[in-house]
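In what follows, a single structure is set out as structure tokens and then discussed.
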Amino acid sequence: MAAAPAQYSRGRSTVAAFRLSVLQFLADPQWLVPSMIAPVIFALVSFELFRVAGPYFLTYAILGAGMMSMWGQTLYGSGWATGQDREFGTLEPTIQAPTPYLYVVLGRVLWNVLSGLIGGLIVYLVILVVAGGPPTVTDPLGFALLFVFIMVTLASVGVVFAAFYVYTRYAGFIQNIGEFAFYIGTGCMFPVVLLPFFTNPISLLFPPTWGLDALRYLSIPGYRGFEWGFWGDLLGAVATTTAYLGFAGMVFYRVERHVLEEGNLSEY
Amino acid sequence: MLSETPAIDIRGLTRVFESRKGFLFREATRTEALRGIDLTVERGAIFGLLGPNGAGKTTLTKILSTLLLPSTGTAMVLGHNVVREADWLRPRMGLVLGGERGLYNRVSGRENLRYFADLYGVPLAERERRIAELISRVDLDWAADRRVEEYSRGMKQKLHIARGILHRPEILFLDEPTIGLDPKSAREIRKLVRSLVADGVTIFLTTHYMFEAEELCPEIAILSKGRIVARDTVAALRQLVGGDRTLEAEAYGFDDREVEALRALPGVSKILSEEFGPALRLTLRVRTGETQPEDVRALLPNHPELSVRERRTSLEDVYLDLVEEEGH
């Protein structure tokens with residue numbers, strides 16, 4: 001039986017993790033709630049909430065509801081998938097496989113990005129129906145591109161969260177506590193500049209804060225967000241996302257080493 | 001050169017677990033799971049590691065399969081260090097921890113194998129053929145496309161083994177592969193394990209089923225309280241505990257004089273006593289053929305209820321003797 005060992009491929013492992021995520025999603029009806037039903041509810045709530053926000057209220061509504069639904073799918077889902085690995089007992093065989101676990105996480109994050117975008121699309125369609133027409137977006141192409149990039153910023157935080165799930169079985173507890181603070185603090189629902197000033201430096205530690213502010217600058221004429229404007233936001237988003245992804249790679253290496261020292265991979 | 005190295009070579013291996021409990025007043029506990037293990041396992045056979053619950057079997061298996069770091073000492077597998085050369089080793093080793101967990105229950109058995117085939121880099125051109133072969137080999141053809149959550153425990157165990165050998169490892173670690181299985185499923189797993197050895201795979205098997213170890217493993221080590229207390233062939237281990245014959249005498253109590261007389265019989269190396277319902281059972285390990293059941297009966301004429309029977313010393317006897325000596 002023994003032969004020259006097969007060479008794993010990081011790309012193939014990422015695709016395999018993506019594929020397994022899709023299969024698990026399709027096999028589990030509970031996912032319909034956050035991915036299909038929640039965006040509809042968010043869209044309706046957001047539409048009512050921003051009715052008085054002026055001529056661009058539809059854009060506010062779409063951004064608010066879209067980000068609410070995508071937050072859960074992209075960021076929360078990425079970490080939670082690793083928590084599931086702990087629960088299923090699949091974390092040990094996956095870590096024991098030759099592929100670095102980071103590439104498995106990346107596959108899952110890709111799926112979560114895609115499902116988050118589907119959530120965003122549902123929000124758009126619902127608001128289109130209830131408003132009786134499309135919102136006014138000054139730069140549709142730029143909006144779409146930036147929208148996808150914001151998914152990447154969310155995913156970069158998700159990868160770091162996933163590392164915490166590898167590190168400890170209590171990561172879910174910590175993530176649940178931080179969920180609403182993160183969601184408000186990064187400006188998912190409304191601009192961060194509306195929050196007390198002392199919260200801003202904390203918000204700026206997270207890539208989605210920069211990305212979302214940039215998106216509002218791009219799509220809402222007269223928007224007053226951070227004083228450095230659209231390009232400053234964009235630069236900040238790219239820099240913090242890069243930092244998070246680099247940090248995630250480093251954290252994964254250290255976390256893997258730590259759990260091998262602690263021997264707690266099978267705990268859940 | 002490397003092919004001449006042992007499959008496993010362990011020197012002075014220890015593993016200490018430190019944990020803390022409590023929230024405000026943290027209480028630290030320290031557990032020595034492995035206390036100085038030295039062990040060499042040759043290639044191409046099944047090596048059995050026996051031990052009671054908590055002896056350190058799973059800890060040792062996890063260290064050897066690169067899932068846990070040792071506290072001190074070195075462990076080499078296939079001539080490579082499990083700590084420093086884990087990347088080299090992982091594609092060459094398989095691990096089956098077994099049990100109900102460790103599989104993606106919502107997808108099919110075949111999809112589980114596809115996923116791990118991709119993580120192990122099984123060539124794409126071979127993947128489907130190899131999965132089909134393995135599914136057939138573990139007799140899961142009829143259930144391969146069903147969700148794993150519909151599988152029985154025995155079926156899950158077979159799937160675990162299929163996953164463990166999917167990438168054709170040189171060495172396979174099996175941690176209690178038949179625990180909790182019905183006799184038929186357990187027998188099928190043992191048959192499968194034997195067939196893997198025929199393929200040239202070295203197997204490191206942990207179990208606490210004596211008959212399983214006796215049936216499968218030419219060589220056995222007994223682990224107790226984190227130490228290897230014996231390591232040899234089953235036949236040699238029988239001699240180690242005082243003989244390959246066992247005589248059991250059962251009556252409503254024996255006095256010290258009778259026990260001493262039995263101890264003086266030729267070839268009797270050890271006497272153990274245990275209560276057995278209302279009766280007392282004396283177990284005599286007998287090294288030679290000199291002492292027969294009649295000799296025992298002759299020394300105990302005052303016990304009309306006495307029953308004496310002879311049997312071969314089992315691996316279970318060996319195990320219990322050695323583990324009890326360690327006070328487990």
Side-chain angles (χ1 to χ4, degrees), chain A residues 1-31 81 84-101 103-105 107-108 170 253 256-268, chain B residues 15 17-19 33 43 58-59 62-63 65-69 71 83 86-97 99-108 111-112 114-124 126 147 160 163-165 167-172 196 198-202:
Chain A
M1 176 167 283
Q7 293 295 311
Y8 73 86
S9 144
R10 288 168 178 170
R12 192 175 150 198
S13 300
T14 299
V15 172
F18 178 88
R19 188 169 177 277
L20 186 72
S21 299
V22 176
L23 290 172
Q24 286 185 295
F25 175 85
L26 295 174
D28 194 345
Q30 70 164 323
W31 287 115
Q84 263 202 327
D85 256 345
R86 265 190 187 278
E87 186 185 336
F88 295 162
T90 42
L91 192 56
E92 281 189 322
T94 310
I95 294 269
Q96 206 266 339
T99 305
Y101 189 63
Y103 296 93
V104 173
V105 170
R108 290 172 180 163
Y170 301 116
Y253 174 78
E256 272 195 57
R257 176 88 191 176
H258 174 81
V259 292
L260 296 185
E261 282 169 4
E262 292 292 311
N264 65 0
L265 280 171
S266 58
E267 293 173 358
Y268 69 101
Chain B
R15 171 69 212 203
F17 288 101
E18 284 171 355
S19 60
R43 294 185 187 224
T58 300
T59 300
K62 286 187 178 177
I63 289 175
S65 58
T66 74
L67 273 182
L68 186 64
L69 300 180
S71 298
V83 177
D87 290 345
W88 187 92
L89 280 168
R90 284 178 176 174
R92 292 166 174 85
M93 56 168 60
L95 170 67
V96 177
L97 291 170
E100 291 284 342
R101 298 171 72 226
L103 296 164
Y104 292 98
N105 286 327
R106 297 251 177 183
V107 299
S108 69
E111 285 297 349
N112 269 274
R114 271 193 194 122
Y115 175 65
F116 282 100
D118 288 338
L119 295 196
Y120 275 91
V122 172
L124 263 178
E126 276 183 46
R147 286 185 183 189
H160 275 300
R163 191 199 59 207
I165 58 176
H167 54 295
R168 298 184 173 163
E170 290 177 51
I171 185 164
L172 180 64
L196 294 174
D199 289 347
V201 182
T202 303

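These figures come from a predicted structure and were not determined experimentally. As a basis for the values below, the full set of heavy atoms in this structure was taken, side chains included, without hydrogen atoms, waters or symmetry mates. Convention: sequence-line order gives letters A, B, ...; per-chain numbering from 1.
The distance from atom OH of B:Y104 to atom CG of A:D85, rounded to the nearest 0.5 Å, is 3.5 Å. Separation of atoms CD (A:Q96) and OH (B:Y120) is listed at 4.0 Å; rounding is to 0.5 Å. In this structure, CG on A:D28 lies 11.5 Å from CG on B:N105, to the nearest 0.5 angstrom.
For A:R19, the part lying under 4.5 angstrom from a heavy atom of chain B is the side chain only. Residue contact with chain B, scored on non-hydrogen atoms closer than 4.5 Å, is absent for A:V15. Both the backbone and the side chain of A:T94 have a heavy atom closer than 4.5 Å to some heavy atom of chain B.
Contact tally against chain A (heavy-atom pairs below 4.5 Å) for B:T66, B:T59, B:L124, B:L89: the top residue is B:L124. Across B:N112, B:V107, B:L119, the residue that shares the most heavy-atom pairs under 4.5 angstrom with chain A is B:L119. In terms of non-hydrogen atom pairs under 4.5 Å with chain A, the most contact-rich of B:L103, B:D87, B:V83 is B:L103.
Between B:D118 and A:S13 the shortest heavy-atom distance is O-OG, 3.9 Å. In plain terms, the two heavy atoms of B:Y115 and A:A16 that are nearest each other are CD1-O, 3.7 Å. Minimum interatomic distance between A:P93 and B:G102 (heavy atoms only, all atoms of both residues): CG-O, 4.2 Å. Between B:R106 and A:A27 the shortest heavy-atom distance is O-CB, 3.4 Å.
Between A:E92 and B:R101 there is no salt bridge, since none of the side-chain N atoms of the basic residue sits less than 4.0 Å from a carboxylate O of the acidic one.
The closest donor-acceptor contact from the side chain of B:R90 to the backbone of A:I95 lies under 3.5 Å. Without hydrogens or angle criteria, B:E111 side chain to A:L23 main chain gives no donor-acceptor distance under 3.5 Å.
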